[in-house]
Amino acid sequence: MSDREFSSSTVQKIISEILASDVAFAKDARDLLIDCCVEFITLISSEANDIAEREAKKTIASEHVVKALKDLGFEEYVEQIVEVAQEHKEHQKSREKKQTKLEQSGLSQEELLRQQEELFGNARAKFHQQGQPEN
């Protein structure tokens, strides 16, 4: 991701939520804030990657990010980040438990296939009937 690919609309949304409605935020200030965000993310990601490599891990886990924040002196963010990570995990669990329509039907594959063939047969019959002159 290049520096400019960081979504300015996302940053603008965050700024709008934080600032009072009568306060303006200049474009150059927003661009500077985006640059700071990119630098912060790069710094944390790099440190988390180093931690993961030292642990011989191929995937950076949330624990690596937390340790990176602590190692770089950003301890004041850790508690809130851990809470957000936990909320995200809970949200993911609830998404994984959702059943597909197939699973919700409670029907076997064979029964579903039989119903599908019946529907196709009915559609074929209706199609052929429309092509026939009525008596």
Do the side chains of Tyr77 and Val66 join up, straight or via other hydrophobic residues, at under 4.5 Å, putting them in one cluster?
yes
Would you list the pairs meeting side chain to side chain donor-acceptor pair (under 3.5 Å) in which at least one residue belongs to residues 56-66, sequence neighbours left out?
Glu55-His64
So, Ser16 side chain and Gln12 main chain: donor-acceptor pair closer than 3.5 Å or not?
yes
Arg124 CZ to Leu119 CG distance, which is reported to the nearest 0.5 Å
10.5 Å
Common cluster, Leu72/Val78, ILVMFWY with side-chain heavy-atom separation under 4.5 Å:
yes
With a 4.5 Å cut-off on side-chain heavy-atom distances among I, L, V, M, F, W and Y, is there a chain of contacts connecting Leu43 to Ile81?
yes
Do Ile51 and Asp71 touch side chain to side chain, with heavy atoms closer than 4.5 Å?
yes
Please determine whether a side-chain nitrogen of the Lys or Arg among Arg114 and Glu111 lies less than 4.0 Å from a carboxylate oxygen of the Asp or Glu.
yes
To check you understand the geometry: which heavy-atom pair defines the closest contact between Ala48 and Ala68, and what is its length?
N-CB, 3.6 Å
Glu79 CD: over 12 foreign heavy atoms closer than 6.0 Å:
no
NZ of Lys89 to NE2 of His91: how many Å apart, nearest 0.5 Å?
15.0 Å
If you count heavy atoms of other groups shown closer than 6.0 angstrom to CD of Gln109, is the number above 12?
no
Distance in Å, Cys37 SG paired with Leu32 CG, rounded so as to fall on 0.5 Å steps:
9.5 Å
State, yes or no, whether a side-chain contact exists between Gln86 and Val82 at a heavy-atom distance under 4.5 Å.
no
Between Asp50 and Arg54, is there a salt bridge with N-O shorter than 4.0 Å?
no
Name all residues meeting the side chain to side chain contact (heavy atoms under 4.5 Å, CB included) criterion together with Ala29; count only those two or more places apart in sequence or in a different chain, and write none if there are none.
Phe25, Ala26
Is it the case that more than 12 heavy atoms not belonging to Glu76 sit under 6.0 Å from its CD atom?
yes
Joint cluster assignment, Val23 & Val11, ILVMFWY side-chain distance < 4.5 Å
yes
For residues 28-51, the ring-ring contact (aromatic ring centres under 6.0 Å, His included) pairs (sequence neighbours left out) are Phe40-Phe74
